[in-house]
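Each chain gets a letter, A, B and so on, in the order its sequence line appears, and its residues count up from 1. Given the structure is predicted, the values throughout are model-derived calculations rather than measurements.
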Amino acid sequence: MSLSVTLTINGDRKDVVLEDPRVTLLDLLRERLHLTGTKKGCDRGQCGACTVLVDGRRINACLALAASLDGAEVMTIEGLAVGGRLATVQSAFIEHDGFQCGFCTPGQIMSAVGLILEGDAGDDPDRVREGMSGNLCRCGAHAGIIEAVLDAQKRVAGEEGKAA
Amino acid sequence: MPDTIPFPSAQVRFGSSSGQPLTRRDGFLKVTGAATFAADNHPENLLHAVVAVSTIARGRVVSLDVEAAKAHPGVVEVITPANCPPLALDPDEKHGLFGFRFDALQNDRVRYAKQPIALVLAETLEAATEGTRLLAPVYETEPARIGFDNGEPYAPATVGVGGAPDFDRGDLAAGLAAAAHLVDTEYETPAQYHNAMEPHAIVAEWDGDTLTIDTPNQAIVLSRAAYAAFFGIPPENVYLRSPFLGGGFGSKAILAGPQILCIRAARMLQRPVKLALPRDQMFGPVGHRGATRQRLRLATDAEGRLTALEHHAVATTSSFDEFIEPAANASHNLYASPAISTRHGAVRVDTGTPGPMRAPGEASGSAALECALDEAAAAIGIDPLEMRLRNYAETDPATGRPFSAKALRECYAQGAERFGWAGRPLAPRQMTDDAGRLVGWGMGSALFPAPMFQAEARATLRADGTALVETAAADMGQGAWTALAQIAADSLGLDIEQVEFRSGTSDLPDGGVAGGSGHTATAGSALHNAGTDAIAKLAEIAVNDPASPLFGAGNAGVEAREGRLWHREDETRSEGYGDILARSGMESLEGSGTGGRDPADAEARAMFSHGAVFAEVKVDPDLGQVLVTRLVGAFAAGRIINPKLARSQLYGGMIWGLSFALHEEAIHDRRTGRPVNADLAGYHIPVHADIPAMEALLIDEDDRYVNVLGIKGVGEIGITGTVGAIANAIWHATGVRVRRYPIRIEDLIG
Ligand code: FES
Ligand code: FES
């Protein structure tokens, strides 16, 4: 049995034929579309390495069946930088050294983008920590990650303020 | 032969790169998802492999339903002991110091849970995964031996990597007899699993008798040879790529069964094969930290000075191989005592074989020693910091040798100052916060050896004035791509932007092992020496060329800076690298170097990084919930190449210490031998919300002996000291001394 779904991935419309209904969004991205920036750390929704945005909300791509996402807009780490220009969160991660090995990083960054979009944590470090707690980092780069998210949040808020 | 420009360590002229907090050179790749980890590769015609693992811990596989698995659409092959061709070397033999026995379907025996028992290959990951489920293994089960009291005790011949199990210095009996106070105490640490965020992965592809593998590896050139040996091909036939490791922590330095099986399958089927371990398989065949039971006796005089220090540790290992966590060795080099005696024992249990895991021995030993020392301080009634100062070792307690450099006193002073240690009440349960939580302060000393291994490097000056530097280093997050390039740039007198750094593949000069916190020192020295060699050769050309403004200066009469050679005594005389090469008709000029330690220095001095860690915890008096609210570490680790990266390493270590103290434990079911928490929901590591306000002070230390660059290591020391500091803070908050890690809520209530 094969299924076809249409997804918009990083702004590109993709008609995908799934030869197997068990394919997760994560494995669709990594193994079929070769968008390997999104990482698999557990395949169980326990680490956050696979975080992507679906219709503007962050989800664990390993827990979503691709077949259930017909019509969805998916944003992955590959879609953040536009024309080689890094998004605010990305440059903040570099400046604040928000990673070591970099394996959790795409998930941390997408989660941070989602968190800032949600707008609930604001500039409260404790709430940012709480809001980022679904993204594990084994290297222990937490301090830099939280600094980066807070800084990016501030810069994004500043830009919105200017625009308003 | 050109005489090389002498660069004794006291006179090394450092350029502008080293010491700078440069951002990571691989940062752009990592924040855009473009950094290629092993499992991101997808060659044409790829097959997916999934390992089927045992659900029993001891016995035999009687049958597998291979037909059912093969009948599943997409499944291409099932490899079991029945059809797995033998390897060129016996995986049940030990091969070399770092060689571990492993399971690669050589027979039907099961010796731990999560052991590979078959490999399923399919066109898709989904089909391969389903194939493993359809195998429905039937076992002949023997009772699992799990836990210290059910395993087989024995006396190990070596501990750690080739270390002696026992050590004695001074007269223990006399020291014990002379004591005014004696603390006799026992600590337990659990089995811990590395769990790098990137599970072990490999993509293997054969072309005739040559093999290309993408796999994260901490010892690229060494591993190339080992892989080659298992497949009976020369090392140069293996091309191993490991540009990025998603964490390693010791577990990616060692060859294990799954990777070998993937390579084997690729050869059998003549197609490229990808294997990425599911998270639960990280709890079996790829190493862990063995559990320990430690007994310490600390005898002191009336003022708290040690008269004897005895540390016995027993550690678990597997039924078929050995890595004994050398925990008791943590008592060798930190505190002065006229008598020191350490012993190691071992217990065989039915788990996979342990291996080195971030600060192997130092972490678990320090976790016990730092608490025992606080127990002694409390018994005598002196401040924990004062206790450590009274036992300050001016020379290495184990050997009597002088330290190459030791700024621990400054670490204590600056760490305590920063933390605000002064005024800490001696007795426990004296401080509360506004919310009524119990507040406690604790500390611990940190210590880690500064080893060096062997490495080689090449530096090539190019006609356009840039340079290429090469060594097969491994960047598992510590920042080798950046820090090593900084060292290389300085050795060449170039800006870092002018230096192209090639690393992470097995066709380059051997970059050594990313382990033991010795990689920057070792590979860095090799790069430094390669750079100075290239510059010396260039100087040789210039000073002998009548057309050069440097003619006649003599090799030692020039120095390299800003891409030019300069006359040491006459600043008006200089020449750019490109011009020198161009005039002599050379496209490029190559230098080479090795990294290693002068054996005479190694014998003459004791070489360690030191530190002091201070912790504040808050404990809910009713619920026993512990929150670490502040961690301040002060570390003296020789010369720091990049403070940004070094601080991150130290934080990482301190967070591992926090994890050790409060979170991590693998629990094996005593009946089945299975790890019951083999996932990241059950095997706890700290999340963002668990991370306290952190500081890591980098204390200046000028070490003239460790190596030409004065570099020690920062990768592992952060764990040591931190575990004890947190446990001691919990005691200070609650008055409860917990002697088993991780410290749990139930230890603190009732
Ligand atoms: S891979 Fe999806 S949460 Fe871990
Ligand atoms: S940077 Fe390595 S896991 Fe987070």
Residue by residue, which of residues 676-683 of chain B have a heavy atom closer than 4.5 Å to a heavy atom belonging to chain A?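 At a heavy-atom separation under 4.5 Å, chain A is reached by B:D679, B:L680, B:A681, B:Y683.
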Search all heavy atoms of [X] against all heavy atoms of [Y] and return the closest pair with its distance.
X	Y	value
A:C101	B:G247	CB-N, 3.4 Å
A:T36	B:H42	CG2-CD2, 4.1 Å
A:S133	B:A689	OG-N, 3.0 Å

Please look at [X] and chain B and tell me whether the side chain, the backbone, both or neither of the residue comes under 4.5 angstrom of a heavy atom of that chain.
X	value
A:E95	backbone
A:D43	neither
A:L35	neither

Only pairs of heavy atoms separated by less than 4.5 Å count here; which of [options] has the most with chain A?
options	answer
B:F249, B:F37, B:F28	B:F37
B:M654, B:R358, B:Q649	B:Q649
B:L658, B:I691, B:L245	B:I691
B:M476, B:Q478, B:M694	B:M476
B:G479, B:G653, B:G652, B:A196	B:G652
B:G477, B:G33, B:P199, B:P21	B:G477

Across all chains, not counting sequence neighbours, the side chain to side chain donor-acceptor pair (under 3.5 Å) partners of B:D433 are B:R437
For A:T6, what residues pass the side chain to side chain donor-acceptor pair (under 3.5 Å) criterion, not counting sequence neighbours?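 Applying side chain to side chain donor-acceptor pair (under 3.5 Å) to A:T6 gives A:D15.
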Segment of [X] engaging chain A (4.5 angstrom heavy-atom cut-off):
X	value
B:Y651	both
B:P73	neither
B:H48	side chain
B:A39	both

Would you list the pairs meeting side chain to side chain donor-acceptor pair (under 3.5 Å) in which at least one residue belongs to residues 27-39 of chain B, sequence neighbours left out?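 Residue pairs with at least one partner in residues 27-39 of chain B: B:D26-B:K30.
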About how many Å separate [atom2] of [Y] and [atom1] of [X], when rounded to the nearest 0.5 Å?
X	Y	atom1	atom2	result
B:I655	A:C139	CD1	SG	10.0 Å
A:R30	B:K274	CZ	NZ	5.5 Å
B:N195	A:C47	CG	SG	10.5 Å
B:T23	A:H96	OG1	NE2	11.5 Å
B:R25	A:I94	CZ	CD1	13.5 Å
A:F103	B:D40	CZ	CG	7.0 Å

One thing to verify: whether A:D97 and B:R647 come together as a salt bridge, which I'm taking to mean a side-chain N less than 4.0 angstrom from a carboxylate O.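 No, this pair does not count.
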Between the side chains of A:E147 and B:K644, is the shortest nitrogen-to-carboxylate-oxygen separation below 4.0 Å, so that they form an ion pair?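 Salt bridge: no.
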Go through [options] and name the one with the most non-hydrogen pairs under 4.5 angstrom from chain B.
options	value
A:T76, A:D126, A:L86	A:L86
A:V89, A:N135, A:L136	A:L136
A:V128, A:T38, A:V23	A:V23

For A:R44, does its backbone N or O pair with a side-chain atom of B:R279 as donor and acceptor, under 3.5 Å?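 Side chain of B:R279 to backbone of A:R44, a donor-acceptor pair under 3.5 Å: no, none is there.
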Can a donor-acceptor pair be found, under 3.5 Å and without considering hydrogens, that links the side chain of A:Q90 to the backbone of B:V31?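 Indeed, once roles are kept as given, a pair shorter than 3.5 Å links the two residues.
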Close side-chain approach of [X] to [Y], heavy-atom, < 4.5 Å:
X	Y	value
A:K40	B:L125	yes
A:E31	B:T124	no
A:R138	B:E198	no

CD of B:E123: more than 12 outside heavy atoms within 6.0 angstrom?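 It does: B:E123 CD has more than 12 such atoms within range.
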Going by distance alone, is a donor N or O of one side chain under 3.5 Å from an acceptor N or O of the other, for A:H142 and B:H688? no
